[in-house]
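What you are looking at is a predicted structure, and each value in this text was computed from that prediction instead of being measured. Quick note on labels: first sequence line is chain A, next is B, and so on, each numbered from 1. Computed over heavy atoms, backbone and side chain alike; hydrogens, waters and symmetry mates excluded.
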Number of protein chains: 2
Amino acid sequence: MTTRWLDPDQQLAWRAYIVGTTLLLERLDRDLRDNHQVSLPEYEILVRLSEAPERRLRMAELADSVKNSRSRITHTIARMEREGLVDRAQCDSDGRGVNAHLTDAGSQRLVAAAPCHVESVRACLIDLVAADDVAAVGRVFAAVADELGTGDRDPILSPASA
Amino acid sequence: MTTRWLDPDQQLAWRAYIVGTTLLLERLDRDLRDNHQVSLPEYEILVRLSEAPERRLRMAELADSVKNSRSRITHTIARMEREGLVDRAQCDSDGRGVNAHLTDAGSQRLVAAAPCHVESVRACLIDLVAADDVAAVGRVFAAVADELGTGDRDPILSPASA
DNA sequence: CGGAAATAGTTGATGGTTAAATCACCTTGG
DNA sequence: CCAAGGTGATTTAACCATCAACTATTTCCG
């Protein structure tokens with residue numbers, strides 16, 4: 001089976017994506033850290049918790065919603081708990097379960113950071129390009145997430161010959 | 001100054017991008033590690049070196065081309081050298097400089113991994129969406145890289161009021 | 001020439017991430 | 001009811017990334 005290489009345009013698009021994403025995520029992370037003492041992953045967690053009913057979410061739900069491993073969520077929440085941004089409580093209905101809960105301090109941190117973060121996202125991405133292109137990015141990564149989201153990994157690779 | 005929040009479409013596009021990118025990069029990394037014992041960052045380095053004249057690049061050039069810190073490149077190249085994928089030599093024209101050089105083993109590793117990697121990229125992104133949308137992604141992140149690439153960070157944030 | 005300042009790269013400590021093993025609880029079949 | 005297996009979450013150790021400090025070389029400029 002001969003490899004279907006990327007054509008020059010695809011190649012260019014792919015590399016731009018990798019490089020741009022590296023720079024973008026690093027920049028957003030730095031802005032949040034420098035100005036509001038939260039990392040980007042922590043910020044994502046604050047957002048999910050703030051949107052959840054009762055401001056609380058099971059650890060596994062949280063992990064799924066931000067696409068992090070269980071273990072990573074455990075460590076990250078442990079750090080955030082030390083900082084007072086969240087607290088933990090046993091789940092009533094399932095003795096194994098743990099609810100992560102956004103504290104007032106965590107909520108305040110999020111409220112303080114959000115405007116700054118949105119401006120970063122605008123300045124570094126949204127306001128930089130045509131609205132249609134933003135929509136296209138949305139379509140593309142929704143498709144990617146849909147393809148990869150439902151943990152059904154092929155053993156090796158799907159050669160997917162056209 | 002009142003915050004210009006993202007409108008619902010932008011919000012959706014942005015979250016799809018974050019989630020999709022998280023899943024995509026993790027998947028590509030996993031495929032490379034499992035099948036060819038290289039991480040995605042290491043693979044990027046192999047590619048850059050293979051394309052460079054004489055298959056060698058100064059450490060700083062390498063760092064810039066993959067948008068990694070100098071220190072990270074030092075550590076990563078050290079690991080790759082231990083594995084025999086690259087070697088290092090003093091630069092003739094500048095006594096401070098060091099050239100990273102792709103070995104035959106490194107070249108072979110890349111040749112072995114490339115088809116698999118390209119298939120991953122196709123299966124998880126390129127072949128999943130319309131060609132126009134891939135082009136749009138390319139435009140968007142080229143603009144992002146252009147904006148962020150030239151290390152001229154604003155001190156806090158550019159409010160960039162429209 | 002001589003010394004200050006800039007540049008290339010490395011190092012070591014520190015903290016975050018991962019994989020594998022573990023603990024606790026729940027569920028199901030006998 | 002109880003044992004076996006499954007699931008939720010945490011822990012451990014190894015690994016990788018980051019930051020600040022450091023060495024060595026070069027450049028600038030008096």
Side-chain angles (χ1 to χ4, degrees), chain A residues 21-23 25-34 37-45 49 56-83 85-101 151 153, chain B residues 21-23 25-34 37-45 49 56-83 85-101 151 153:
Chain A
T21 291
T22 302
L23 290 168
L25 296 183
E26 194 221 294
R27 169 62 167 271
L28 295 177
D29 189 64
R30 179 152 309 282
D31 282 345
L32 282 171
R33 282 179 195 277
D34 289 354
Q37 295 72 53
V38 223
S39 70
L40 182 55
E42 285 165 356
Y43 180 88
E44 303 271 330
I45 287 173
L49 288 179
R56 70 182 67 238
L57 239 35
R58 292 282 295 270
M59 296 296 272
E61 291 176 316
L62 196 46
D64 290 347
S65 80
V66 297
K67 264 66 193 177
N68 283 349
S69 71
R70 307 280 165 100
S71 173
R72 184 171 173 179
I73 286 292
T74 295
H75 287 300
T76 305
I77 289 292
R79 261 173 274 136
M80 293 174 78
E81 190 175 27
R82 256 175 259 132
E83 272 202 87
L85 302 177
V86 300
D87 51 29
R88 277 191 272 210
Q90 283 300 116
C91 179
D92 288 341
S93 54
D94 185 336
R96 300 164 301 180
V98 170
N99 278 307
H101 171 244
R153 293 195 54 209
Chain B
T21 291
T22 302
L23 290 168
L25 296 183
E26 195 221 294
R27 170 61 168 270
L28 295 176
D29 189 64
R30 172 73 42 79
D31 281 345
L32 282 171
R33 282 179 195 278
D34 288 354
Q37 295 73 53
V38 224
S39 69
L40 183 55
E42 285 165 356
Y43 180 87
E44 303 272 330
I45 287 173
L49 288 178
R56 69 182 68 239
L57 239 35
R58 291 283 295 271
M59 295 297 273
E61 292 176 315
L62 196 47
D64 290 348
S65 81
V66 297
K67 263 66 194 177
N68 283 349
S69 70
R70 308 280 166 101
S71 173
R72 183 170 173 180
I73 285 292
T74 293
H75 286 302
T76 305
I77 289 292
R79 259 174 276 137
M80 293 174 78
E81 190 176 25
R82 254 175 260 131
E83 272 203 87
L85 303 177
V86 301
D87 51 30
R88 276 194 271 213
Q90 282 301 117
C91 178
D92 288 339
S93 55
D94 186 336
R96 300 164 301 182
V98 170
N99 278 307
H101 171 244
R153 292 195 53 209

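A salt bridge links R30(B) with E26(B): at least one charged nitrogen is closer than 4.0 Å to a carboxylate oxygen.
Here the range on DNA chain D touched by chain B, meaning any atom under 4.0 Å from one of its heavy atoms, is dC16(D) to dT26(D).
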For nucleotides 22-26 of chain C, print each protein N/O atom paired with a nucleotide N/O atom at under 3.5 Å, atom names and distance only.
from	atom 1	to	atom 2	distance (Å)
dC26(C)	OP1	G95(A)	N	2.7

Check: protein-nucleotides 15-18 of chain C nitrogen or oxygen pairs below 3.5 Å:
from	atom 1	to	atom 2	distance (Å)
dT17(C)	OP1	R72(A)	NH2	3.1
dT17(C)	OP2	R79(A)	NH2	3.0
dT18(C)	O4	H75(A)	NE2	3.1

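Separation of atoms CG (L62(B)) and CZ (R72(B)) is listed at 12.0 Å; rounding is to 0.5 Å. Between the CZ atom of R56(B) and the CD atom of E61(B) there is a distance of 12.0 Å, given to the nearest 0.5 Å. Taking CE of M59(B) as the start and SG of C91(B) as the end, the distance is 12.5 Å to the nearest 0.5 Å. The NE2 atom of H101(B) lies 12.0 Å from the CD1 atom of I77(B); values are rounded to the nearest 0.5 Å. Considering CD1 of I45(B) and CG of N68(B), their distance stands at 6.5 Å, rounded to 0.5 Å. The distance from the OG atom of S39(A) to the CE atom of M80(A) is 7.5 Å, given to the nearest 0.5 Å.
Closest approach of L49(A) and A100(A) over heavy atoms only: CD2-O, 3.6 Å.
Side-chain atoms of N99(A) never come within 3.5 Å of backbone atoms of A89(A) as a donor-acceptor pair (strictly under, hydrogens ignored).
When rounded to the nearest whole Å, the span between CZ of R70(B) and P of dA6(C) equals 15 Å. Spacing between atom CD1 of I73(B) and atom C1' of dG9(C) amounts to 12 Å, rounded to whole angstrom units. A straight line from CZ of R58(B) to P of dT7(C) spans 13 Å, rounded to a whole angstrom.
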Handout entry: Verdict with reasoning, R70(A) to D64(A), per side chain to side chain contact (heavy atoms under 4.5 Å, CB included)
Key = CA-CA 8 Å; R70(A) 307 280 165 100; D64(A) 290 347; 4.2 Å; yes
